[in-house]
Number of protein chains: 2
Amino acid sequence: MGAMTEADPLPDIDWSAQGIETELGWALPVTYRAFSQVATAAVADVPGGPRGYQVLVAITTESPSSQLALAHRLGIDKTQMTYVIDGLEAGGFVERRPDARDRRVRQVHPTDAGRALLSTAREGLRDAECVLLRHLAGDEQTQLRRLLARVALGAGDIEAAADGAPPTPALPAAAPERSRRPSRD
Amino acid sequence: MGAMTEADPLPDIDWSAQGIETELGWALPVTYRAFSQVATAAVADVPGGPRGYQVLVAITTESPSSQLALAHRLGIDKTQMTYVIDGLEAGGFVERRPDARDRRVRQVHPTDAGRALLSTAREGLRDAECVLLRHLAGDEQTQLRRLLARVALGAGDIEAAADGAPPTPALPAAAPERSRRPSRD
DNA sequence: TATTGTTATACTCTATAACTATA
DNA sequence: TATAGTTATAGAGTATAACAATA
């Protein structure tokens with residue numbers, strides 16, 4: 001809706017010939033960004049966005065956990081975790097309960113509101129996936145999931161090899177959240 | 001190498017049960033990040049990283065172009081484009097040639113060194129892809145590429161719908177380039 | 001007056017360091 | 001002395017705004 005409307009989704013470049021190089025280098029980022037966008041929108045109501053959502057998932061589907069354990073599990077810095085939990089607690093979605101045996105640690109428990117929020121966000125994410133894969137037949141979707149899962153499984157080694165083996169992430173990291181200004185260029 | 005070595009690549013969470021939610025929400029980010037990492041490494045010698053590479057591809061496989069045209073085509077801000085071209089020109093990989101007919105615009109031409117650099121980077125990216133897909137059989141790789149390409153094609157609409165229809169990207173956007181410090185937590 | 005390109009500024013996100021309170 | 005958590009600071013990356021030159 002900006003000043004220039006001549007931006008067709010797929011420019012008239014002949015990618016296949018020797019274009020931007022291999023198709024994967026194009027398709028993967030595009031797909032990821034689209035998913036990242038809808039997924040972030042789906043968890044927009046969760047304080048802390050994708051990371052807040054990850055925390056809710058972790059303490060709900062597993063058991064309540066200390067902040068440091070959560071940070072390690074989700075691959076988030078412990079200082080970041082403080083902010084995320086702050087937001088969740090301010091919204092009344094989690095509680096910090098001091099551990100009786102070690103009063104340094106604070107266990108993070110989900111509240112009823114937190115569980116409800118998680119449930120809603122989950123649905124939104126499922127819908128987001130459906131939108132993303134809407135052009136694929138049912139069996140094709142299954143096929144894609146399976147193949148991608150296998151690649152991701154092997155990909156873990158790559159990440160691990162590079163730096164100090166960060167734990168497995170689960171959502172689009174952070175999703176920079178493009179500015180919502182009029183975007184006139 | 002860090003203080004804690006208990007971080008196994010895949011935690012012992014039962015993702016499949018009701019875990020972190022849908023498999024795609026896990027596999028896609030993981031795969032993307034792994035690719036982003038190897039791809040960024042592959043174009044590390046290109047000033048400006050992935051974006052510098054994109055510029056080289058555009059002006060080589062197509063024709064030399066003005067900076068603004070490049071910015072639009074690659075979905076990069078024009079101010080950012082200035083910096084990217086600055087880096088490429090400093091390295092002797094491109095030349096800015098004033099346009100004879102409109103002396104405001106500066107056409108960006110690749111040098112021989114630029115073409116050579118592009119060639120090398122291309123090989124690196126192809127290798128990166130092979131590494132990423134190494135656990136898939138040949139026909140499975142083809143299948144994955146095909147399915148992903150179709151999803152990406154449809155995904156363009158999603159991105160376009162959200163903000164002002166940004167042109168098609170071609171590489172992992174920017175790839176934050178994790179800090180290379182000892183990573184002791 | 002509008003547009004290409006550059007420069008300067010501000011903002012967001014994240015990483016690092018320093019501090020407290022417990023152990 | 002070491003660890004869990006918090007707070008403060010600094011850095012990278014990006015977006016916005018203001019500017020110069022040309023049309």
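Chain naming here is simple, since letters A, B, ... match the order of the sequence lines and numbering starts at 1 in each. These numbers come from the heavy atoms of this one structure, side chains and all, not from hydrogens, waters or symmetry mates. From a predicted model like this one, the values you see are computed outputs, not experimental measurements.
Residue A:Q107 has no polar side-chain atom (N or O) positioned under 4.0 Å from OP1 or OP2 of D:dA4. Between B:R106 and the phosphate of C:dT6, there is a side-chain N or O to OP1/OP2 separation shorter than 4.0 Å. Residue A:T82 places no side-chain N or O under 4.0 Å from the OP1 or OP2 atom of D:dG5. Under 4.0 angstrom from either OP1 or OP2 of C:dT4 there lies no side-chain N or O belonging to B:R103.
Comparing atom distances between the A:L68 side chain and each of D:dA4, C:dG5, D:dA8 picks out D:dA4 as nearest. In this structure, of C:dT4, D:dT16, D:dG5, it is C:dT4 that holds the atom nearest to the side chain of B:V105. Comparing D:dA4, C:dG5, C:dA17 against the side chain of A:T79 picks out C:dA17 as the nearest. Closest approach to the B:Q67 side chain among D:dA4, D:dA23, C:dT6 is made by C:dT6 (side chain taken as heavy atoms from C-beta onward). Comparing C:dT22, D:dG5, D:dT14 by their closest approach to the side chain of B:Q80 singles out D:dT14.
Using a 4.0 Å cut-off on heavy atoms, none of the residues of residues 84-97 of chain A approach DNA chain C.
Applying the salt bridge (charged side-chain N to carboxylate O under 4.0 Å, His left out) test to A:E123 and every residue at least two apart in sequence or in another chain returns nothing. For B:T79, the side-chain hydrogen bond (donor to acceptor under 3.5 Å, both in side chains) partners two or more places apart in sequence, or in a different chain, are B:D77. When the side-chain hydrogen bond (donor to acceptor under 3.5 Å, both in side chains) test is applied to A:H135, no partner is found at least two apart in sequence or on another chain. B:Q67 pairs by the side-chain hydrogen bond (donor to acceptor under 3.5 Å, both in side chains) definition with B:R96, not counting sequence neighbours. Applying the salt bridge (charged side-chain N to carboxylate O under 4.0 Å, His left out) criterion to A:R104, with sequence neighbours excluded, gives A:D102.
Closest of all the heavy-atom pairs between B:F35 and A:G25 is CZ-CA, 3.6 Å.
Nearest-nucleotide positions on DNA chain C for A:A100 and B:A69 put B:A69 closer to the 5' end.
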